[in-house]
Amino acid sequence: MSLRVARVETRADARGRRFELLRVVDDRRGLRAYLAIEEDARGRTAFGGIRRRPYTDEESARREAVALASGMALKLRFAELDAVGAKTVVLDHPEASRADVYEALADFVGGLEGRYVCGPDVGTGEDDLDRMRSRTRHVNDVANRPGLATARGVAAALEAALAFADAARPGRLHVQGLGSVGGSLARILADGGHRISGEDPDAEAREALAAALGDAWCGESDVGARVFLPCALGGTIDAARRERWRGSVICGSANDQLAPGIGPDDLAAAEILWVPDFAANAGAVIEGVLAARGRQAGLPAALAAIGPRVSDVLEEARRRGMTPWAVAASRAEDRP
């Protein structure tokens, strides 16, 4: 077999949790990837998606794998799920066959014998997962709708944030990224009576959403929007956007939303209410864990519970003079 797996090292994240880093290579099928999987003495199953994109070098891929797995660990604990975090990153390159890459990944995941259940992420869609399902069962359930589940969770978190800010009708909401999550979220919020603007490099996605929302659609600019919902890649809350956007609430599905040089304290000082990403965007992994354990019937209640959980964090943060990030991270870290 051409598939090779090597344990590279163990890395600790900023909170001291340790992640085993596995390098996965299949030269014949064009696969180069890393899996960061949280070490766990209790042997709990790890959950996390597969991100596929070009990386400048392998160290960049290793760093992102650990950072994303660390975020997944926080997300799982904050959502009170008895599981641990993981993330696969695939180094995309022009000579690789997409079909071959995901077949090789399926063989790797299957070889872990249930230690890790994988799912979608940036660059990995349902067609890719279907190919993997033909070779291993340790893949997000085919009946799941991860984009919609994430969107419903973010909507619950946002409504909690708006209630906390006493802004039931806050003006226009701006969604960044109009794919499976952002597009679903925009529709949910428009159905709730909100006015929506949105941005996406895919013109067809923008036009389709504008047509679907009708009078609720307010264009593509974030200028003047009171709420910003980052639902694309991370790092988009940066100095340039803060200079342009003068809103008061941020709540979205993207991981690692803050760019280098911007921290939770900076947003608090600017009187921006930011719901931490891992507190809002757990819908897909909640769905994945429940489905893996045959408890799909509990999904609506589990997604709705994101709202009260966020409300509790915001109230505690105000009471103790802390940022919501600090409170939410502390609650997550208190769980074993």
In terms of hydrophobic clustering (I, L, V, M, F, W, Y; side-chain heavy atoms under 4.5 Å; direct or indirect links), are [X] and [Y] co-clustered?
{"X": "V249", "Y": "V327", "value": "no"}
{"X": "V227", "Y": "V175", "value": "yes"}
{"X": "L81", "Y": "L74", "value": "no"}
{"X": "L178", "Y": "W245", "value": "no"}
{"X": "F78", "Y": "V285", "value": "no"}

Evaluate the side-chain proximity of [Y] to [X]: yes if any heavy-atom separation is below 4.5 Å, no if none is.
{"X": "V84", "Y": "T45", "value": "no"}
{"X": "R29", "Y": "V101", "value": "no"}
{"X": "V154", "Y": "S253", "value": "yes"}
{"X": "I262", "Y": "L267", "value": "yes"}
{"X": "N140", "Y": "C118", "value": "no"}
{"X": "F228", "Y": "L173", "value": "no"}
{"X": "L229", "Y": "H174", "value": "no"}
{"X": "V275", "Y": "L158", "value": "no"}

Tell me, with the steps shown, if F108 and L3 meet side chain to side chain contact (heavy atoms under 4.5 Å, CB included). CA-CA 8 Å; F108 162 64; L3 184 68; 4.0 Å; yes

Does any donor atom in the side chain of [X] or [Y] lie under 3.5 Å from an acceptor atom in the other side chain?
{"X": "Y102", "Y": "R135", "value": "no"}
{"X": "T236", "Y": "Q176", "value": "yes"}
{"X": "D121", "Y": "T124", "value": "no"}
{"X": "N281", "Y": "T150", "value": "no"}

Begin from the C-alpha positions of E159 and L162 and carry the test side chain to side chain contact (heavy atoms under 4.5 Å, CB included) through to its verdict. CA-CA 5 Å; E159 294 303 333; L162 295 179; 4.1 Å; yes

Mind listing the side-chain donor-acceptor pairs of residues 204-218 below 3.5 Å, one per line with the distance, residues two or more places apart or on another chain?
unit_1, atom_1, unit_2, atom_2, d
R206, NE, E220, OE1, 3.4
R206, NE, E220, OE2, 3.3
R206, NH1, D200, O, 2.4

Atom pair [atom1] ([X]) and [atom2] ([Y]), whose distance is rounded to the nearest 0.5 Å:
{"X": "L273", "Y": "L314", "atom1": "CG", "atom2": "CG", "value": "5.5 Å"}
{"X": "K87", "Y": "S70", "atom1": "NZ", "atom2": "OG", "value": "11.5 Å"}
{"X": "Q296", "Y": "D141", "atom1": "CD", "atom2": "CG", "value": "6.0 Å"}

Looking at [X] and [Y], what are the two nearest heavy atoms and their distance?
{"X": "G224", "Y": "R172", "result": "C-NH2, 3.5 Å"}
{"X": "G288", "Y": "N144", "result": "CA-ND2, 3.8 Å"}
{"X": "A96", "Y": "G30", "result": "CB-O, 3.7 Å"}
{"X": "L303", "Y": "A156", "result": "O-CB, 3.9 Å"}
{"X": "A232", "Y": "G177", "result": "CB-CA, 4.1 Å"}
{"X": "A280", "Y": "G252", "result": "CB-O, 3.9 Å"}

Would you say [X]'s side chain and [Y]'s backbone share a donor-acceptor pair under 3.5 angstrom?
{"X": "R18", "Y": "D13", "result": "no"}
{"X": "D128", "Y": "G125", "result": "yes"}
{"X": "D40", "Y": "R44", "result": "yes"}
{"X": "R187", "Y": "G183", "result": "yes"}
{"X": "H138", "Y": "A106", "result": "no"}
{"X": "D266", "Y": "G263", "result": "yes"}
{"X": "R7", "Y": "R23", "result": "no"}
{"X": "D277", "Y": "D256", "result": "yes"}

Starting from [X] and following side-chain heavy-atom contacts under 4.5 Å between hydrophobic residues (I, L, V, M, F, W, Y), which residues can be reached?
{"X": "I188", "answer": "L148"}
{"X": "Y34", "answer": "V8, F19, L21, Y55, V66, L68, V89, L91"}
{"X": "V181", "answer": "none"}

Are E39 and R17 ion-paired here, with the side-chain N under 4.0 Å from a carboxylate O?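 Not counted as a salt bridge, because no side-chain N and carboxylate O are separated by less than 4.0 Å.
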
Is R241 salt-bridged to D238, going by a charged N under 4.0 Å from an acidic O? no

Among R131, R98, R28, find the residue that satisfies the salt bridge (charged side-chain N to carboxylate O under 4.0 Å, His left out) test when tested with E103.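 Only one of R131, R98, R28 forms a salt bridge (charged side-chain N to carboxylate O under 4.0 Å, His left out) with E103, namely R131.
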
From CA spacing to verdict: side chain to side chain contact (heavy atoms under 4.5 Å, CB included), L185, C231: CA-CA 9 Å; L185 178 60; C231 297; 3.8 Å; yes

Can you establish whether the number of heavy atoms outside [X] located under 6.0 Å from its atom [atom1] is more than 12?
{"X": "R335", "atom1": "CZ", "result": "yes"}
{"X": "R242", "atom1": "CZ", "result": "yes"}
{"X": "R295", "atom1": "CZ", "result": "no"}
{"X": "R52", "atom1": "CZ", "result": "yes"}

The test is salt bridge (charged side-chain N to carboxylate O under 4.0 Å, His left out); show your working for E9 and R11 and say whether it passes. CA-CA 6 Å; E9 60 181 323; R11 291 192 182 186; 2.7 Å; yes

Does the pair D26 and R4 meet the rule for a salt bridge (charged side-chain N to carboxylate O under 4.0 Å, His left out), with working shown? CA-CA 6 Å; D26 190 318; R4 306 193 309 276; over 6 Å; no

Which residues share a ring-ring contact (aromatic ring centres under 6.0 Å, His included) with W325, sequence neighbours left out: W274, F278

Before you tell me yes or no, could you show the steps for V313 and F164 under side chain to side chain contact (heavy atoms under 4.5 Å, CB included), namely the whole-Å CA-CA distance, both residues' side-chain angles and the distance that decides it to 0.1 Å? CA-CA 10 Å; V313 164; F164 177 82; over 6 Å; no

Can you list every pair that meets salt bridge (Lys or Arg N to Asp or Glu O under 4.0 Å) and has a residue in residues 61-78, with sequence neighbours left out?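 Sorted result for residues 61-78: E38-R77, R51-E64, R53-E64, E59-R62, E59-R63.
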
Assess whether salt bridge (charged side-chain N to carboxylate O under 4.0 Å, His left out) is satisfied between R133 and D130, documenting all intermediate values. CA-CA 5 Å; R133 291 183 186 108; D130 277 342; 2.6 Å; yes

Which is it for D82 and R42 under the salt bridge (charged side-chain N to carboxylate O under 4.0 Å, His left out) test, yes or no, and what are the steps along the way? CA-CA 10 Å; D82 192 28; R42 293 166 56 187; 3.2 Å; yes

